[in-house]
Structures are given as C-alpha cells and as structure tokens.
Protein chains: 2
Amino acid sequence: MTTDFTGGGDPRRSIELLWGLEPGRRPGPKPRFTVAEIAAAAIALADADGLPALSMRKVADRVGVSAMSLYTYVPGKGELIDLMLDTVLGEVPLTFDGVTGWRGRVERVARENWNLYLRHPWLLQVATSRPPLGPHLIAKYDHELRAIDGIGLTDLEMDLVVQLVGDYVHGAARTAVSATLVAQRTGLTDEQWWEQAGPVLERVLDPAATPTATRVGAAAGEEYNAAGDPARAFEFGLSCLLDGVAARISRGRDPGGRSD
Amino acid sequence: MTTDFTGGGDPRRSIELLWGLEPGRRPGPKPRFTVAEIAAAAIALADADGLPALSMRKVADRVGVSAMSLYTYVPGKGELIDLMLDTVLGEVPLTFDGVTGWRGRVERVARENWNLYLRHPWLLQVATSRPPLGPHLIAKYDHELRAIDGIGLTDLEMDLVVQLVGDYVHGAARTAVSATLVAQRTGLTDEQWWEQAGPVLERVLDPAATPTATRVGAAAGEEYNAAGDPARAFEFGLSCLLDGVAARISRGRDPGGRSD
DNA sequence: ACGAACACCTTACGGCGTACGGAGTGTGGT
DNA sequence: ACCACACTCCGTACGCCGTAAGGTGTTCGT
C-alpha cells in the first residue's frame, strides 16, 4: 500500500553505519550482536514476509532481544532498511566472467539486478530519499560503469546508460515480482480472482470503446497463457534498450539526447 | 520506508468501486458524499503529504466524517488507493494532437506518464498486487497501444513496447521525484546533507578502489552541478529506448528478443 | 573508587487500520 | 401504517506500529 522514506536521520551516523565504522573501545557491556547480524535477521524477515510485514519488534524477536535494544545498533528503522539494501547489493558478483563485449556485460548487469529483485522482492518497496552511499552500492556503480568503459561513450553518457538500465530493470521487475507473489499477497490465485471479478468485469468492459486494447490484450493473453510473461517482457525491453545504446555508440551522438 | 500492497480485498467489490457501479435505491440515509469525493480528498492529501502520511483518519477529517464512516464508501485503505490511482490516470489526455509519427506519439505517452508522476509523486509508492482494472487504466492502455498501432509491430510486440515504456518511465521518475522532494522528506537540502556526511564519506571512499565511478562521478557532478539531472536522464533514456524500438520495427524482428 | 558512557529493557505514548455493535434512517413489502 | 431489513454513521476498542524516556546493570578511563 504505502511507502515511507529512508534517509531522514543523521547523515553522519548513517554513513558510519553503512560502512561499518567501529568507534573503538567504549564503556559498557559488549554488544551481543553485530550490526551485520541485525541486518541479516531483518533481510531474512523481509525475504520471507515482505517489507510491510517487517517491524522492529519482529527483528528483535528474531535476534532474541527487546525491540528497544535494536536502537543501540541502528538509530531507526529507515537506517536499518538502508543497511539491508546495501547488504544485499553485496551479493552481486562484480565480475564479467564468461561474457564478451559491452553488450554482454550490460546484459549481465541487467540480469544480475533482475535476479536480485527476484531474490529480494522487498527491494522494490524500498523508497530512499537519497541513495544510501554504502560500500556495496558504490562498488556496484563502479562495476556497472566498467561494463561500458572505453566503448565510445562519454563519461556523462556512461552515467546516463547505467541509470537507464537500472531504472528499466527496477520498473520491469515490479511486474515479475508481483506475478510471483500475488497469490501469497492477496490470498487469491489469478484463476480465483477472475472467477470473482470476471463476471462484473465483463459487464463493464466495452470492447468497442477500447478496440486496440481488446485486440492486443487477447493476443497477449493467448500467447502468454497468463496475465503476462514478465521475464519475456524484460528480455524484450532489454534488447530494445541495448539496440538503442548501440545506435548511440555508433553515432557518437551528443549526450543531451534532445536533438531528435 | 515500506510499502503495503493493494488488491487484497473482494475482487468484485473492487471492480464495482473502480467503475462506479451504482447499486440503485437502497434503504438507509443517503450517503453525504460520493466515492469520487472521498478519492479526491485522499488524492489531495497524498499530493500534499505523500502516501505514507495518508491515513483513513486524515481522509475522514478532511471530508468531515468519522474515520469509520469511510468504510461505508470503500471497503478498505487498499481499495481507496486503487481508486485514487485510477482516478488520476483519468487526467491523462487520450489524444495525440500536434504529434506526428509513432515516435512522437510514444514520446507523448512517456512524457505524459512522467508528468503524471511529477504531479502525483505518491503514485510511485503505490504497490499493486494486480493492476487495478479501472476505466481509466483500461482507456490509457488502449490509448498507449494506439500510439504504435499499424507500424509493423505484432500485437504481442505492441504489448511489450507499452510495457517497456511504462516500466522505464516508472523507474526513471523515481529519481526525479526524489530529487524534487528530498529536502521536504528529510529536512535537509543536498548541501546540508553533504556538510554533515561529506567528511566521513571522504574518509571511507577510496578513489583507487573504484576508479571508474570516481572519474565518471566527477564528470557527472560537474556537468549536472547537482546530484543528478533526472529530466535529462529521462530524455536520454527515452531516446535510446525509442532508437531500439525503431531498430526492431525496421528489422521486423521475432518478438522473443532472445536472438541477440 | 568513581563518573561517564554505554547495552539493555520496561513502560508508555501517539499513531495506524479496522472489527464490532449501537443508534438513526429510509426502502420495500405487507 | 407498520415492520423488517439493509443501509449510513460513528464511538469504542483492539492489536499492531515506531520510538521517547528513564531506570538498571556493565565497563572504560582517570
């Protein structure tokens, strides 16, 4: 339903947390857990139940401390989520083994991101006010830029292409994740949903008012034999997008992209 | 921070609500408001304060009823949000006046969607389990398909292109919206944030470990003179994407898109 | 030994969505 | 006209949420 935004706390404390900066010896009892362990517990919970179901109390229960104890590890929930995000970004292998050419590398990047969203669907629900500049996010950005370094794009174009791919994958993964989890989230399979909504929908939908949608929807439904085929849509979109990038590389075009 | 998912209620009731199906004469007092009025109040609140700040109590206050009265109009918060979504989709003009060619039409579609997100940033935080199949969403889908009808794409490719554009715009708009609202959401301008986070960031960032990111980040920062230029990135990405679609149209290619 | 800063936790607050049931309203059937 | 019923409306309450505040116990540095 709704999203809250991370990034509202103390910037310094957030960076320290993300980069695991240790304050050295301090009075008081030794913390029983590490920040990484708290983050891992939170990630496991989010993976299992989704981000809306993630609460400080549940994380605390999972670790075995009281909810308020968590605040000795992280200043707030938003910071915990930023930490979770950077932590899972660390799963992405920063190599291009077995891949040739810039196109292969960008495909690798896109697919790794896609798979990341599929493994951690809650990522799609994270709404950051600012990118949490943690170690893994920085390393990943560098890695992605390296995929398209030295192929004829300006530095600025490189930044824009990495953004383009990232934005597209994020957008496309929403559908894939929803398709995977819709039954779990709503308690109804697509068939069950159509059983209930189908009759009233047929009453309100006027094929003559939306002829193109009717035609294309029918063709798509027949081809997919489902509400959609997100993986196929993703690969199609990625291919188009990369064709466009290839055209730009060929043309050595102005980075503004407003020439049209 | 987090997102809940809509689409968990009674499918039939949801469709009836979206399409404004009237049940006819019914016993009991006349409702003081229409469902559309409730939705409009909710939209105004979400526009002003964002989706996380939207609560049933606040909507009720704004309309001038008790929170629990709202449930005589909508079965739940999720359904209200679906309704809000379909309502604002109705703002998009379903014409292509002053536009020539499929490319111009798709650009119009993309920019209308982009502007919609800028006008209603909360849209980016709506997490639907299933697309809420309301009148405006259906009409918009038809309109978008018409942008690319009869230009040499198969029906399936048309569906895929519309998805591609929609996914990309959604992804790209996140950055634009965050950039616009970050100060409001976090209470800190970028300058203020850097003042606080900058010193510790400089301590942890190692330019030698991420040379490409360092170089490109510097070039981008200099060019943008800001954290980014979302509108420029959007236009760049859209241009690439459309180049790719153009290439596909030229080639009359297989819709699978896995040929490489 | 002592003060200060910590880890930990209990209590509490204000916010949230919405279940439940009571009171009032108006329709349709008799 | 009367009545049963289905509605509108709302007060109360519940369980959940994030986290402020303050108390207790622990450990460091002097």
Side-chain angles (χ1 to χ4, degrees), chain A residues 1-10 13 16-17 22-35 37-38 42 45-46 49-84 125 127, chain B residues 1-10 13 16-17 22-35 37-38 42 45-46 49-84 125 127:
Chain A
M1 237 175 302
T2 77
T3 293
D4 283 350
F5 306 101
T6 68
D10 171 15
R13 179 77 186 94
E16 286 169 350
L17 195 63
E22 299 293 339
R25 305 185 70 92
R26 355 177 8 161
K30 294 287 187 289
R32 284 191 265 162
F33 305 100
T34 63
V35 164
E37 281 169 319
I38 305 296
L45 279 171
D49 303 325
L51 206 55
L54 182 76
S55 71
M56 300 301 273
R57 287 170 167 89
K58 285 182 188 163
V59 178
D61 282 350
R62 187 177 180 99
V63 175
V65 295
S66 82
M68 291 309 298
S69 301
L70 276 199
Y71 291 88
T72 59
Y73 294 89
V74 295
K77 190 177 178 186
E79 288 87 348
L80 176 59
I81 288 172
D82 279 349
L83 189 61
M84 288 161 65
Q125 273 75 57
Chain B
M1 239 176 297
T2 76
T3 293
D4 284 350
F5 306 102
T6 69
D10 172 15
R13 180 78 188 96
E16 287 169 351
L17 195 63
E22 299 293 339
R25 304 185 70 94
R26 351 171 21 153
K30 295 286 186 290
R32 283 192 266 165
F33 305 99
T34 64
V35 164
E37 282 168 321
I38 305 295
L45 280 171
D49 303 324
L51 206 56
L54 182 76
S55 72
M56 300 301 273
R57 288 169 168 86
K58 284 181 189 165
V59 178
D61 283 350
R62 189 178 177 97
V63 174
V65 297
S66 83
M68 291 310 298
S69 302
L70 276 198
Y71 291 89
T72 59
Y73 294 89
V74 295
K77 191 177 177 183
E79 289 88 345
L80 176 59
I81 288 173
D82 279 348
L83 189 60
M84 289 161 64
Q125 273 76 59

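Only heavy atoms go into these numbers, but all of them, side chains included; no hydrogens, no water, no symmetry mates. So you know, we letter chains A, B, ... as the sequences are listed, proteins then strands, and number each from 1. A quick note: this is a predicted structure, and the numbers were derived from the prediction, not measured.
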Worksheet item: What's the NZ-P distance between Lys77(A) and dC16(C), to the nearest Å?
Response: 15 Å
Discussion item. Quick check: any donor-acceptor pair below 3.5 Å linking the side-chain of Arg57(B) to the base of dG15(C)?
Written reply: no
Worksheet item: For Leu83(B) and Leu17(B), which heavy atoms make the closest approach, and how far apart are they?
Response: CD1-O, 3.8 Å
Side-chain atoms of residues 49-58 of chain B: list all donor-acceptor pairs with protein atoms under 3.5 Å, sequence neighbours left out, distances to 0.1 Å.
residue, atom, partner, partner atom, Å
Ser55(B), OG, Lys58(B), N, 3.2
Lys58(B), NZ, Ala53(B), O, 2.9

Discussion item. Which heavy atom of Ala127(B) sits nearest to which heavy atom of Gln125(A), and what is that distance?
Written reply: CB-NE2, 4.0 Å
Worksheet item: Which nucleotide sits closest to the side chain of Met56(B): dC17(D), dG17(C), dA7(C)?
Response: dG17(C)
Practice prompt. Report the distance from atom CD1 of Ile38(B) to atom C1' of dT8(D), rounded to the nearest whole Å.
Written response: 12 Å
Fill in: N or O in side chain of Arg32(A) less than 4.0 angstrom from dC9(C) OP1/OP2
yes
Worksheet item: Under the salt bridge (Lys or Arg N to Asp or Glu O under 4.0 Å) test, which residues partner Glu16(B), sequence neighbours left out?
Response: Arg12(B)
Item to complete: Using whole Å, report how far CG of Leu80(B) lies from P of dC16(C).
Response: 14 Å
Practice prompt. Tell me, please, which residues at least two apart from Thr72(B) pass side-chain hydrogen bond (donor to acceptor under 3.5 Å, both in side chains).
Written response: none
Response to the item:
Per-nt protein contacts along nucleotides 23-30 of chain D (heavy atom under 4.0 Å; B base, S backbone sugar-phosphate only, - none) come out as --BBBSS-
Discussion item. Which residues in residues 60-76 of chain A have a heavy atom closer than 4.0 Å to any atom of DNA chain C?
Written reply: Val65(A), Ser66(A), Met68(A), Ser69(A), Thr72(A), Tyr73(A)
Discussion item. I need the Ile38(B) CD1 to Arg32(B) CZ distance, nearest 0.5 Å.
Written reply: 9.5 Å
Discussion item. Using modelled atom types and a 3.5 Å cut-off, is there a donor and acceptor pairing between side-chain atoms of Tyr73(B) and backbone atoms of Phe33(B)?
Written reply: yes
Practice prompt. Take atom CG of Leu54(A) and atom C1' of dG18(D), then tell me their distance rounded to the nearest Å.
Written response: 12 Å
Practice prompt. List in chain and number order the residues that pass side chain to side chain contact (heavy atoms under 4.5 Å, CB included) with Ser66(B), two or more places apart in sequence or in another chain; answer none if no residue qualifies.
Written response: Met68(B), Ser69(B)
